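Heads up: the structure comes next, in structure tokens.
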Amino acid sequence: MYVVVNAGMSADGKLSDRTRSQVALSCEDDFERVDRLRAETDAILVGVGTVLADDPSLTVKDDRLRAEEGNPVRVVLDSSARTPVDASVLDGEAETVVAVTDETSGDSLDAPRERTTVVELPGDDGRVDLHALLDELSRRGVEHLMVEGGGETIASFLSAGVVDEVRVYVAPVFVGGRESPTLVDGEGFVEYVEATVNEVKPLGEGVVLRYIIE
Ligand SMILES: NC(=O)C1=CN([C@@H]2O[C@H](COP(=O)(O)OP(=O)(O)OC[C@H]3O[C@@H](n4cnc5c(N)ncnc54)[C@H](O)[C@@H]3O)[C@@H](O)[C@H]2O)C=CC1
Ligand SMILES: Nc1nc(O)c(N)c(N[C@@H]2O[C@H](COP(=O)(O)O)[C@@H](O)[C@H]2O)n1
């Protein structure tokens, strides 16, 4: 499976500010780039922290693109089934997979939800084992996965060694704050993840960077 991490961040690497609520760091042109990427991918994944903070839809916004390509499958990493039953990702607009661990119960999500599947996967230190998740998604026909965040999720994917590319829009703004989520949170890596810069492209007032992970 080909895994692309995509996010919009500030010049100091933040995904949001100290409120941890949804902040539009991408410019209009970048949101259009993200929409095209969503349309090209088979599945979009976020952690439940992003669902709780942003209540995202994770759908393709452009009508023509959506008509041509359809919406990708939405995937939520949710170790302990915290996805609210009224979350937008459970609105039936696209298929949704909520990945819980077999250490906890997905019962709280058992209320029937149109086009929603709860999959129980092995836990890895209280979190969904990402190798097991990628195997499960492959079985469901996913060949291209887009990981949108947040910082804990991106750190887990990089740590597991399953990321092929990181694409990031860097907005010309400094957000600051030690509590503000960053592109890569988690505990920090003992062995740094190395990457090669593949593309540097000005877009709007910012720049899109594309890294290939070695
Ligand atoms: N600017 C951007 O492009 C984006 C910004 N964000 C921002 O990021 C913040 C949310 O990020 P985080 O708090 O880091 O939460 P997150 O969205 O990364 O979710 C982390 C949670 O996912 C669950 N989880 C289950 N298995 C996991 C695994 N293997 N690895 C990691 N997590 C796993 C855990 O409950 C964990 O607490 C919000 O402020 C949101 O607005 C989120 C996505 C994109
Ligand atoms: N690429 C990008 N740039 C930003 O500035 C952002 N704030 C985000 N956020 C991501 O998009 C999700 C919202 O999606 P919907 O519009 O509701 O479909 C949000 O939850 C983040 O994953 N991305």
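Note that the structure is a prediction, hence the values are computed from the model and not measured. Order of listing sets the numbers, starting from 1, for every ligand and every atom in it.
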May I ask you to list the atoms of ligand 1 that are less than 4.0 angstrom from any heavy atom of Ser79?
-> 23 (C), 24 (N), 25 (C), 26 (N), 34 (C), 35 (O)

One should read off an interatomic distance between Leu183 CG and Asp12 CG, to the nearest 0.5 angstrom, of 12.0 Å

the protein heavy atom lying closest to atom 2 (C) of ligand 2 turns out to be Ser26 OG, 3.5 Å

Give the residue and atom name of whichever protein heavy atom lies nearest to atom 23 (C) of ligand 1, and the separation in Å to one decimal.
-> Leu77 O, 3.5 Å

Please state which protein non-hydrogen atom is closest to atom 11 (O) of ligand 2 and give its distance, to 0.1 Å?
-> Glu148 OE1, 3.2 Å

Protein contact to atom 18 (O) of ligand 2 [nearest heavy atom, distance to 0.1 Å] = Lys61 NZ, 2.6 Å

With no hydrogens and no angle check, do the side chains of Lys61 and Thr59 hold a donor and an acceptor under 3.5 Å apart?
-> yes

With a cut-off of 4.0 Å, which atoms of ligand 1 are near a heavy atom of Arg82?
-> 35 (O), 37 (O)

heavy-atom search around atom 8 (C) of ligand 2 in the protein gives Phe31 CE2, 4.3 Å

Below 4.0 angstrom from a heavy atom of Asp54, which ligand 1 atoms are there? Numbered from 1 as shown, please.
-> 40 (C), 41 (O)

Starting from atom 13 (C) of ligand 2, find the nearest protein heavy-atom neighbour and note its residue, name and distance.
-> Gln22 NE2, 3.4 Å

Short version for Val34: what comes under 4.0 Å of ligand 2, heavy atoms counted, is side chain

So is Tyr169 close enough to ligand 2, meaning a heavy atom under 4.0 angstrom away?
-> no

Looking only at protein heavy atoms, what sits closest to atom 17 (O) of ligand 2 is Ser57 N, 2.8 Å

Measure the distance from atom 20 (O) of ligand 2 to every protein heavy atom, then report the residue, atom name and distance (to 0.1 Å) of the closest one.
-> Asp54 OD2, 2.8 Å

Looking only at protein heavy atoms, identify the closest one to atom 32 (N) of ligand 1 and say how far it is in Å.
-> Arg127 NH1, 3.7 Å

Numbered atoms and elements of ligand 1 in range of Gly47, under 4.0 angstrom, heavy atoms | 16 (P), 17 (O), 19 (O), 22 (O)

Any Ala24 heavy atom less than 4.0 Å to ligand 2 = yes

Using a 4.0 Å heavy-atom threshold (strictly under), name the region of Arg74 that reaches ligand 2: side chain, backbone, both or neither.
-> neither

Given that the side chain starts at C-beta and the backbone is N, CA, C, O, which of these parts of Ser21 lies under 4.0 Å from ligand 1, counting heavy atoms, or is it both or neither?
-> backbone

Below 4.0 angstrom from a heavy atom of Ala53, which ligand 1 atoms are there? Numbered from 1 as shown, please.
-> 38 (C)

Element-labelled atoms of ligand 1 that are located less than 4.0 Å from some non-hydrogen atom of Glu152 = 14 (O), 18 (O), 20 (C), 31 (C)

May I ask you to list the atoms of ligand 1 that are less than 4.0 angstrom from any heavy atom of Ala7?
-> 3 (O)

Are Thr182 and Asp185 linked by a side-chain donor-acceptor pair shorter than 3.5 Å?
-> yes

Shortest protein heavy-atom distance from atom 9 (C) of ligand 1, along with the residue and atom involved | Pro181 CG, 4.0 Å

Give the numbers and elements of all ligand 1 atoms closer than 4.0 Å to a heavy atom of Ser16.
-> 39 (O)

Nearest non-hydrogen protein atom, atom 6 (C) of ligand 2 | Val23 O, 3.9 Å

Hey, is the main chain of Val46 close enough, under 3.5 Å, to the side chain of Thr153 for a donor-acceptor pair?
-> no

Are the side chain of Ser10 and the backbone N or O of Phe174 linked by a donor-acceptor pair below 3.5 Å?
-> no

